[in-house]
Amino acid sequence: MQSILHFINGEERPAESGSWIDVHEPATGLVYAQLADGDARDVDSATEAAHQAFPVWRALGVEGRSRILLKLADLIERDLEMFVAAESRDNGKPLSLARKVDIPRAVANIRFFATAILHFASEAHIMDDVALNYTDRQPIGVAGCISPWNLPLYLFTWKVAPALAAGNCVVAKPSEITPLTASMLGRLCNEAGMPPGVFNVVQGIGSKVGAAITSHPRIPAISFTGGTRTGAEIARVAAPMFKKLSLELGGKNPVLVFADCDFERMLSTTIHSSFRNQGQICLCGSRILIERNIYSRFRHAFVERTKALRVGDPKDHASDLGAVVSKDHMEKVLSYVALAKEEGGEVLCGGKQVRLDGALAGGWYLEPTVIEGLGPACRTNQEEIFGPVVTLQPFDNEEHALALANDTPYGLASVVWTQDISRSQRVVRNLRSGIVWVNCWMVRDLRTPFGGMKQSGVGREGGTEALRFFTEAKNVCIRY
Ligand code: NDP
């Protein structure tokens, strides 16, 4: 059985506790690895190593750090198939998706920040005949990075890469449910020539390792992606310690479909925005709002396309959906389907566990599910399900669409489908979400600010926003 260890001070190590956690393969439901069960002692060691390494990493300067990060990206690309297989096995996602999206985007994250740091500039504010102010941006020191299970390496590198590029050392924790690719990254950091202690991974569960990172007095910045409830707990602990905090949290994203949209393009993209990665992407659109005069046409076409999706072995290229990440998560999603029925919703298709044969008989597979007949206020339309489940609601006009779209505590992403430029602008301006896609979904330019409003988060990642987060600004005023 494979052991997945910490990566501390350039070495793979077991946990101080000597205990292990089972890691399951969602496709089969079987345990395939043992994970180091870390705690505060391991976080202490990693933090000490990171502090020791900080002066060395900082002294390399932006060019030295950039070179090492670019090498790291090349090494992941060299080992792409190994990473693809590991991500698919650990998470249950189709191999084809890991190959097309997860691992290439992780490589792109690292390359992007390795080169962005070369172009990162500070402001100068010149007071005529009085003084010159300039902003000096220094790395913070040691950054804590905590990431979720849905896009394991992709979201992990989205934090770790800017933190390292900006000159910080990192103590990172992947989700205990999907720890494998983060641990593989450690070995490649050594091969890329990264000094020991710059990048550390402490494995284990959130309530021990995550909590120890959050409350550690020598980790002054926390970048977290995960659920809103966990984000609130992290803020509760970190805010009174005056830590820098970036929180990327949950969503309940609306997709607004106007009658004048390019119907075919909208339909195929909406299938992806509903069910890609088994609906386990924070950016998936889970509430589809449709202009009433095309509601029947949409419902018919969407349900037909959904029924045609194949749920199957993640290794099979023909599978559109693989397994969901865990048994608990599968049961949570199924409990929301039951809730939707109790609330008066009608399941148009899906709603059940899929039982596969042979080695996959114990795997956690769900049918893609479409529900209609529910009002905006019910729990099904308010709470994040984070699985292959969408609801349909009709709307009468722009105002009604906006009222429905904005009527949740979340504000992460929205999608608008219309050919009318003026309408798209009116709607976009009034949507309360940090990201809006018009006539597309998941098109990502890494320079753009990424994050949510309301209970979907605090702060933004991406581009200069991330580099600013991972540096401390100091104004220097020089009198003429
Ligand atoms: P969780 O909030 O459960 O976990 C996220 C990470 O935090 C995990 O590594 C977890 O560890 C850790 N953690 C748990 N408890 C604590 C704690 N008390 N202190 C510090 N860390 C802790 O989220 P999930 O992993 O279930 O991920 C799904 C969620 O992530 C969804 O809500 C989704 O919307 C959100 N998400 C948001 C994105 C965004 O960009 N806004 C992108 C992707 C996902 P462990 O796994 O060991 O419990």
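In each ligand, atom 1 is the first atom listed, and ligand 1 is the first ligand listed.
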Item to check | Stepwise side chain to side chain contact (heavy atoms under 4.5 Å, CB included) check, Tyr32 with Val23 | outcome: CA-CA 6 Å; Tyr32 83 96; Val23 185; 3.7 Å; yes
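- Protein heavy atom in closest approach to atom 40 (O) of ligand 1: Phe450 CE2, 3.3 Å.
- Here Arg460 does not pair with Glu248 in a salt bridge; the nearest charged N to carboxylate O distance is not below 4.0 Å.
- Contact analysis leaves Ile177 out of contact with ligand 1, as no non-hydrogen atom separation drops below 4.0 angstrom.
- Nearest to atom 17 (C) of ligand 1 among the protein's heavy atoms is Gly206 O, 3.5 Å.
- Of the protein's non-hydrogen atoms, the one nearest atom 46 (O) of ligand 1 is Ser175 OG, 3.0 Å.
- Residue Ser223 holds its OG atom at 9.5 Å from CG of Leu245, rounded to the nearest 0.5 Å.
- Using a 4.0 angstrom heavy-atom cutoff, Ala211 counts as in contact with ligand 1.
- Closest heavy-atom approach to atom 35 (C) of ligand 1 among the candidates Gly434, Gly226, Ala232: Gly226.
- Short contacts between ligand 1 and Ile205, defined as distances under 4.0 Å to a heavy atom of the residue, involve ligand atoms 47 (O).
- Of the heavy atoms in Glu384, only side-chain atoms (C-beta onward) come closer than 4.0 Å to ligand 1.
- Remark: of the listed residues Ile68, Thr157, Val198, Val198 is the sole one forming a side chain to side chain contact (heavy atoms under 4.5 Å, CB included) with Leu164.
- Looking at Tyr410 and Ser433, their side chains never come closer than 4.5 Å, going by heavy atoms from C-beta outward.
- By the 4.0 Å N-to-carboxylate-O rule, Arg379 lies too far from Glu342 to be salt-bridged with it.
- Taken to the nearest 0.5 Å, the CE atom of Met184 stands 12.0 Å off from the CG atom of Leu75.
- The shortest heavy-atom distance from Pro174 to ligand 1 is under 4.0 Å.
- In terms of N/O distances under 3.5 Å, ligand 1 is approached by Ser147.
- Contact between Gly231 and ligand 1 is absent, with no heavy atom of the residue lying under 4.0 Å from the ligand.
- In this structure the side chain of Ile281 reaches within 4.5 angstrom of the side chain of Arg276, judged on heavy atoms.
- Among residues two or more places apart in sequence or in another chain, the salt bridge (charged side-chain N to carboxylate O under 4.0 Å, His left out) test is passed with Arg447 by Asp445.
- Considering only non-hydrogen protein atoms, atom 18 (N) of ligand 1 sits nearest to Glu233 CG, 3.8 Å.
- Of all atoms in ligand 1, numbered sequentially from 1 with element shown, those under 4.0 Å from a heavy atom of Ile146 are 6 (C), 7 (O), 9 (O), 12 (C), 20 (C), 21 (N).
- When only interatomic distances are considered, the shortest N/O to N/O separation between Thr230 and ligand 1 falls below 3.5 Å.
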Under 3.5 Å, which donor-acceptor pairs do the side chains of residues 144-153 form with other protein atoms, sequence neighbours left out?
| unit_1 | atom_1 | unit_2 | atom_2 | d |
| --- | --- | --- | --- | --- |
| Asn150 | ND2 | Gln280 | O | 3.1 |

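- Contacts of Leu412 with ligand 1, taken as heavy-atom pairs under 4.0 Å, involve the side chain alone.
- Between Gly227 and ligand 1, at least one N/O pair is under 3.5 Å apart.
- One finds no salt bridge joining Lys252 and Glu384 here, because no Lys/Arg side-chain nitrogen approaches an Asp/Glu carboxylate oxygen to under 4.0 Å.
- Rounding to the nearest 0.5 Å places CG of Leu412 at 8.5 Å from CG of Leu249.
- Only the side chain of Leu155 comes within 4.0 Å of ligand 1, counting heavy atoms alone; its backbone N, CA, C and O stay farther away.
- Here's the thing with Cys282: none of its N/O atoms is less than 3.5 angstrom from an N/O atom of ligand 1.
- For Ile234, every heavy-atom contact with ligand 1 shorter than 4.0 Å involves the side chain, none the backbone.
- With hydrogens left out, the protein atom closest to atom 41 (N) of ligand 1 is Leu249 O, 2.7 Å, a heavy atom.
- Applying the 4.0 Å criterion to heavy atoms of Phe224 picks out, from ligand 1, the atoms 2 (O), 5 (C), 6 (C), 7 (O).
- In terms of protein heavy atoms, atom 21 (N) of ligand 1 is closest to Gly210 CA, 3.4 Å.
- Between Phe113 and Trp158, the distance separating the two ring centers is shorter than 6.0 angstrom.
- Considering only heavy atoms from C-beta on, Ile4 stays 4.5 Å or farther from Gln34 through its side chain.
- Ligand-side atoms of ligand 1 in range of Glu248: 37 (C), 39 (C), 40 (O), 41 (N), range being under 4.0 angstrom from any heavy atom.
- At least one N/O-N/O distance between Lys173 and ligand 1 falls below 3.5 Å.
- Side-chain contact between Asp37 and Trp20: absent, with no pair of heavy atoms (C-beta onward) separated by less than 4.5 Å.
- Counting only heavy atoms of the protein, atom 27 (O) of ligand 1 lies nearest to Pro148 CB, 3.3 Å.
- Not a single N or O atom of Thr228, backbone or side chain, sits closer than 3.5 Å to an N or O atom of ligand 1.
- In terms of protein heavy atoms, atom 25 (O) of ligand 1 is closest to Trp149 CD1, 2.9 Å.
- Between Lys208 and Asp39 there is no salt bridge, since no side-chain nitrogen of the basic residue lies less than 4.0 Å from a carboxylate oxygen of the acidic one.
- Glu233 and Arg229 are not joined by a salt bridge, as no carboxylate oxygen comes within less than 4.0 angstrom of a charged side-chain nitrogen.
- When each atom of ligand 1 is checked for a heavy atom of Asn150 under 4.0 Å away, the hits are 43 (C), 44 (C).
- When heavy-atom distances to ligand 1 are checked against a 4.0 Å cut-off, Thr214 comes that close only through its side chain, counted from C-beta outward.
- Those atoms of ligand 1 that come under 4.0 Å of a heavy atom in Gly204, given as number and element, are 47 (O).
- By the criterion of a heavy-atom distance under 4.0 Å, both the backbone and the side chain of Glu176 are placed next to ligand 1.
- Leu256 has its side chain out of reach of Val415: every pair of non-hydrogen atoms, C-beta onward, lies at least 4.5 Å apart.
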